[in-house]
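Below is one structure; the comments refer to it alone.
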Amino acid sequence: MMNTNDVAGELQGRHIVLGLSGGAACFKAAEFCRLLAKAGATVQVVMTEAACQFITPVAMQSLSGRAVYVSQWDARPGNNMAHINLSREADAVVVAPASADFIAQLAQGRAGELLPLLCLARPVERVPLLLAPAMNREMWAHPATQRNLRQAMLDGAQVLGVAYGDQACGETGDGRMLEAGELLEELVAFLAPKPLLGERVVVTAGPTFEAIDPVRGITNLSSGKMGFAIARAAREAGAEVTLVAGPVHLPTPRGVRRIDVDSARNMHAVAVDKALAASIFIATAAVADWRPAQAAEHKIKKDGSGEVPQLAFVENPDILAEVAHSPRAQSGELYCVGFAAESENLEANAQAKRARKGVPLLVANIGPATFGRDDNALLLVDDEGVTELPRASKRALARQLVAEIARRVSGAET
Ligand code: C5P
């Protein structure tokens with residue numbers, strides 16, 4: 001899940017209709033509403049009568065800063081057509097929680113209350129409808145619910161999925177509503193442009209860990225933040241993304257397939273295999289150049305003699321160079337992007353590394369100035385020359401970089 005402290009501007013200028021139907025998950029809708037506002041969206045809350053049993057319209061009004069709509073007979077709109085006005089203003093309608101009954105109403109095209117009515121009245125091509133189901137696990141698994149969900153999807157709704165876990169009823173299973181941060185991440189991704197639709201992207205990220213013995217090893221200061229942000233941005237851009245992650249403590253971006261690895265050899269085995277079936281490979285990982293020639297089977301003991309262990313090293317395989325020299329990469333079917341963490345002479349070092357690795361695009365940054373931080377500055381070096389992406393959050397830079405990659409990939413395809 002995304003860092004919910006860091007959502008400012010994600011939905012700037014967007015107007016969201018947030019619908020609540022009845023369910024214990026209404027309390028999460030309150031947090032979601034707060035996050036939407038924090039992300040810069042204006043939020044119009046619409047609640048069903050059942051939702052009002054779980055949380056008050058007053059609470060939702062104070063969080064959204066707008067009077068809540070419940071009834072289709074609300075006399076406030078001059079034309080008395082709340083369902084038309086509300087649905088036409090929205091960039092998206094998000095129903096969270098979407099109860100089993102609400103989904104059944106949608107599937108049948110029923111319009112007995114304002115919320116299903118405005119969903120039915122919305123211009124389907126222009127105003128997307130996202131559903132965050134929430135219900136007991138048996139209700140979720142029931143064929144009628146699954147049938148209704150399929151029908152709602154066929155009719156154009158986007159279903160955000162459910163989580164597994166403890167439920168308000170005391171049971172455990174599928175059917176929990178996603179958390180507020182997850183809902184926001186899904187909505188932001190849904191609304192993002194899709195220049196990488198149909199692409200398969202593999203990203204390596206983080207450090208590697210080279211074992212000395214069962215309890216010690218050599219690693220580096222890479223946090224994985226840049227690579228994770230790129231994986232997220234690529235998914236938002238419509239790609240199917242696999243993230244090969246070294247040992248880091250970062251949450252997996254939603255919709256991204258993550259494979260955890262530890263050593264460089266481990267990362268090599270997974271990343272090469274996945275990259276050779278992909279269309280874009282982005283190597284952000286700080287892979288250890290060398291590993292101890294032999295990892296001791298047992299912990300190396302200090303015996304009091306003052307003798308220190310002697311470590312010999314061997315070179316690790318170069319994942320990026322190997323992928324970039326594969327026939328698929330050489331023929332242009334697979335677009336490779338390398339990273340270079342330098343401490344000086346950014347441009348000259350980047351040019352040299354680009355040639356050495358044999359990649360069309362090399363992205364350089366100052367290593368010590370970026371490791372572990374939330375911001376960065378990038379220098380893109382390719383055939384066109386040098387493009388500077390000035391200091392910004394890694395999230396913003398990842399989006400810009402993905403747009404730059406998409407432009408180059410689509411340029412190569414046309
Ligand atoms: O040679 P250097 O480590 O500076 O190259 C950095 C680039 O190569 C990064 O994109 C990094 O992910 C990749 N790399 C790799 N396998 C290695 C070493 C580096 O994929 N063994």
Side-chain angles (χ1 to χ4, degrees), residues 201-211 217-231 234 241-248 250 258-276 278 280-293 313-326 328-330 334-371 376 378-382 389 394 397-398 401-402 404-405 408:
V201 174
V202 174
V203 182
T204 64
T208 60
F209 181 87
E210 310 300 324
I218 297 170
T219 186
N220 61 65
L221 289 175
S222 167
S223 65
K225 286 179 181 172
M226 194 69 231
F228 274 58
I230 290 170
V241 181
T242 302
L243 175 60
V244 185
V248 293
L250 291 175
R258 172 178 181 170
I259 304 174
D260 284 325
V261 295
D262 45 23
S263 67
R265 278 193 296 178
N266 211 211
M267 183 178 276
H268 173 261
V270 175
V272 171
D273 180 53
K274 300 295 171 203
L276 291 182
I280 299 173
F281 178 53
I282 308 173
T284 68
V287 186
D289 290 317
W290 306 283
R291 66 176 181 276
F313 289 91
V314 291
E315 199 170 324
N316 274 325
D318 191 319
I319 303 166
L320 176 61
E322 186 173 323
V323 172
H325 286 96
S326 69
R328 289 197 70 230
Q330 293 292 315
L334 169 61
Y335 189 83
C336 292
V337 182
F339 264 69
E342 305 292 349
S343 59
E344 56 170 2
N345 278 342
L346 213 51
E347 191 178 329
N349 282 324
Q351 294 283 15
K353 189 157 294 181
R354 177 171 173 258
R356 191 153 45 77
K357 300 272 180 181
V359 292
L361 178 62
L362 200 288
V363 182
N365 54 185
I366 298 280
T370 180
F371 276 1
N376 198 1
L378 302 177
L379 200 68
L380 277 53
V381 181
D382 72 350
L389 302 183
K394 286 183 176 173
L397 286 171
L401 177 61
V402 161
E404 294 280 349
I405 292 170
R408 286 163 172 81

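Order of listing sets the numbers, starting from 1, for every ligand and every atom in it. In this chain, residues are counted from 1 in sequence order. This is a predicted model, so every value here is computed, not measured.
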Going by the atom numbers of ligand 1, which of them fall below 4.0 Å from some non-hydrogen atom of Gly338?
10 (O)

Work out which heavy atom in Val323 is nearest to a heavy atom in Ser326; give both atom names and the distance.
O-OG, 2.7 Å

Distance to 0.1 Å, residue and atom name: give those for the protein heavy atom nearest to atom 8 (O) of ligand 1.
Lys357 NZ, 3.1 Å

Applying a strict 4.0 Å limit to heavy atoms, is Ala285 in contact with ligand 1?
yes

Check Arg354 with Asp382, please: is the shortest side-chain N to carboxylate O separation under 4.0 Å?
no

Here the gap from Met226 atom CE to Leu397 atom CG, rounded to the nearest 0.5 Å, amounts to 5.0 Å

Just need the protein heavy atom nearest to atom 17 (C) of ligand 1, so name the residue and atom and give the distance.
Val287 CB, 3.5 Å

At under 4.0 Å between heavy atoms, which part of Asn316 makes contact with ligand 1: side chain, backbone, both or neither?
neither

Quick one: look up the protein heavy atom nearest atom 3 (O) of ligand 1 and list residue, atom name and how far away it is.
Asp289 OD1, 3.9 Å

Protein contact to atom 4 (O) of ligand 1 [nearest heavy atom, distance to 0.1 Å]
Lys353 NZ, 2.2 Å

Which heavy atom of the protein is the closest neighbour of atom 20 (O) of ligand 1, given with residue, atom name and distance?
Leu320 N, 2.8 Å

Is there a side-chain contact between Glu342 and Lys353 (heavy atoms, below 4.5 Å)?
yes

If we only count heavy atoms from C-beta on, is the Lys274 to Ile259 side-chain gap below 4.5 Å?
yes

CZ/Arg328: more than 12 non-hydrogen atoms of other groups inside 6.0 Å:
yes

For atom 10 (O) of ligand 1, what is the nearest protein heavy atom, given as residue, atom name and distance?
Ala283 O, 2.6 Å

So which heavy atom on Ile319 is nearest to which on Ala271, and how close?
CG2-CB, 3.9 Å

Just verifying a value: how many Å separate Asp289 CG and Glu210 CD, rounded to the nearest 0.5 Å?
9.5 Å

Give me the atom names and distance for the closest heavy-atom approach of Val248 to Gly206.
CG1-CA, 3.9 Å

Should Val337 be counted as touching ligand 1, given the test is an N or O pair under 3.5 Å?
no

Tell me whether ligand 1 is touched by Asp318 - counting only heavy atoms on the residue side and a distance under 4.0 Å.
yes

Starting from atom 21 (N) of ligand 1, what is the nearest protein heavy atom, named by residue and atom, and what distance separates them?
Pro317 O, 2.8 Å

What is the closest protein heavy atom to atom 9 (C) of ligand 1, and at what distance does it sit?
Phe339 O, 3.0 Å

